[in-house]
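In what follows, a single structure is set out as structure tokens and then discussed.
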Amino acid sequence: MNHELIDRYQTVISPVIGHFTDLIIKKGEGCYLIDEHGKAYLDFACGIGVTSTGHCHPKVVAALQAQAEQLLHCSIGMGYYEQPIALAEALNTKISGDYQAYFCQSGAEAVEAALKLSLYVQKRGKLLSYRGGFHGRTMGALSVTSKQKYRDRYDALLGASVDFLEYPDPYRADWVIPDGSKDYYYNYLSRTGLFDDAVAAVIIECIQGEGGYIPAPFAYLKALEQLCKEQGIFLILDEIQSGIGRSGDWFSFQAADISPDIITLAKGLGSGVPIGACLAKTTHMQQWDTSHHGSTYGGNPFVCSAALATLEVLTPVLDSVASLGTEALVHLKNALANHPFVGDIRGRGLMIGIELVTDKTSKTPNPDLVTAIRKQCLDKGLLLIFCGEDGHIIRLIPPLVIDKQTLFNGLDILISVLNASY
């Protein structure tokens, strides 16, 4: 291990950044990261869900090289240029509806924009979010993020009032029933008493990301949409981790057949180049008066070119993401059915969570086992990360361009390590 590089890092880089591994990374190729010794690691972390087209995809690299020779930056407010317009048009073709885009550099910024838009247009001072939800670490995004670890010592958050709902977790919430109808969930939400004319917006992840890779029941999402429409509340869907093909649809909400007011995007949109987007229905965006928000780098031609190339690469593989995800879930469930510490296996598309517990009766989180499993998998050339309130869920986020053989090679490493753990 290159201890000198780590020592230099620790001298000049803030310790506020956490690390999943101590790998010294030299380059990335396709589905693999290559370390200082030339060892390849099958990357099931994707830069935390970012490198959706794998590392250094030739079409993305070519798009960036071509754009770098033409225009790197001039700021979107200085004039008009093709790339952000083309990207907004391309995203609109993936959604059923009429949306306008605001571009930025990250998921947290996209959430900030969504919250500011909601509060400004609605002229209301209350927001609703979900326990276990993660929307970013900037002050507004943190206000709708529930995990206390991220909120400690930051009392002066967004000026709006925020209430948190319980997320519909089919594994842990006893009120979530497999065949629950839209009416059932509508009545449940109504009884919370939180939905009223003081609420500007509710923000939810259709598949909760950092909270545990938990897909919400479609009927619940449809009930939430209905209640929001009746109360004039904006429905913000955070698709930062689940969007851009990760779930097997362009956006995870599409499987539930709902129509959000606002969508936030980032991560997989740029294949590794920093970009975020807040998409909102045109009727809402048109009420956001000029200069009430802005970004120097938003709509940068270089990053928009990467995003356009990303969409081009992912379009022909979208169907395979859904089918590979289904096959992966079946394979994992069959291979781990009798594992005493595997509480639940869930997900959609290539967004899969494996929840580890101390026993299946108590469902007590088992983060220590996750740590041990990740270390052993890393030794065998498989890079994994975790999620969940207690860090007890192994999350699988392989590149969306992965082939079945490579995917199953990685799954089988994980299965063998897990089955050797008891």
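Reckoned from all heavy atoms, side chains included, excluding hydrogens, waters and symmetry mates.
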Quiz: residues 200-210 side-chain donor-acceptor pairs under 3.5 angstrom, not counting sequence neighbours:
from	atom 1	to	atom 2	distance (Å)
Glu205	OE1	Phe134	N	3.4
Glu205	OE2	Gly209	N	3.1
Gln208	NE2	Arg131	O	3.2
Glu210	OE1	Arg395	NH2	3.2
Glu210	OE2	Arg395	NH1	3.0
Glu210	OE2	Arg395	NH2	3.2

All N/O donor-acceptor pairs, side-chain side in residues 212-219, below 3.5 Å, sequence neighbours left out:
from	atom 1	to	atom 2	distance (Å)
Tyr213	OH	Gln241	OE1	2.6

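Taking the ring axis of Tyr185 as reference, the NZ or CZ atom of Lys222 does not stay both within 45° of it and closer than 6.0 Å to the ring centre. Note that Lys182 lies outside the cation-pi zone of Tyr184, set by a 6.0 Å cut-off to the ring centre and a 45° limit from the axis.
Between Tyr422 and His339, the distance from one ring center to the other falls under 6.0 angstrom. Between Tyr150 and His135, the ring center distance fails the sub-6.0 Å criterion. Taking the six-membered ring wherever Trp is involved, the centroid distance between the rings of Phe234 and His284 falls below 6.0 Å.
Inspection of the Ser190 and Asn187 side chains reveals no N or O donor paired with an N or O acceptor under 3.5 Å. Using modelled atom types, one finds no donor on one side chain facing an acceptor on the other under 3.5 Å when comparing Asn366 with Thr358. A donor-acceptor pair shorter than 3.5 Å cannot be found between the side chains of Glu109 and Thr138. Between the side chains of Ser75 and Thr296, not a single donor N or O lies within less than 3.5 Å of an accepting N or O. Using a 3.5 Å distance cut-off with no hydrogens or angles, the side chains of Thr371 and Asp368 do not pair a donor with an acceptor.
The shortest side-chain heavy-atom distance between His293 and Tyr120 does not fall under the 4.5 Å cut-off. Counting heavy atoms from C-beta outward, Phe195 and Leu224 have side chains that approach closer than 4.5 Å.
Shortest non-hydrogen contact noted between Leu311 and Ala90 is CD1-CB, 3.8 Å. Nearest heavy atoms, Leu72 versus Asn300: O-ND2, 2.8 Å. Contact record, Ala306 with Gly270: CB-O, 3.8 Å, taken as the closest heavy-atom pair. Closest non-hydrogen pair, Gly299 versus Ile76, comes out as CA-CD1, 4.2 Å. Between Ala101 and Leu279, the shortest heavy-atom distance links the atoms CB-CD2, 3.5 Å. Nearest heavy-atom pair across Ser259 and Tyr99 is OG-OH, 3.7 Å.
Ring orientation note: the planes of His73 and Tyr297 are tilted relative to one another, at an angle of 30° to 60°.
Atom NZ of Lys360 is surrounded by more than 12 heavy atoms from other residues, nucleotides or ligands within 6.0 Å. The 12-atom threshold is not exceeded at CG of Asn338, counting heavy atoms of other residues, nucleotides or ligands nearer than 6.0 Å.
With Phe20 as the fixed residue, the ring-ring contact (aromatic ring centres under 6.0 Å, His included) test singles out one of Tyr41, Phe44, Phe386: Phe386.
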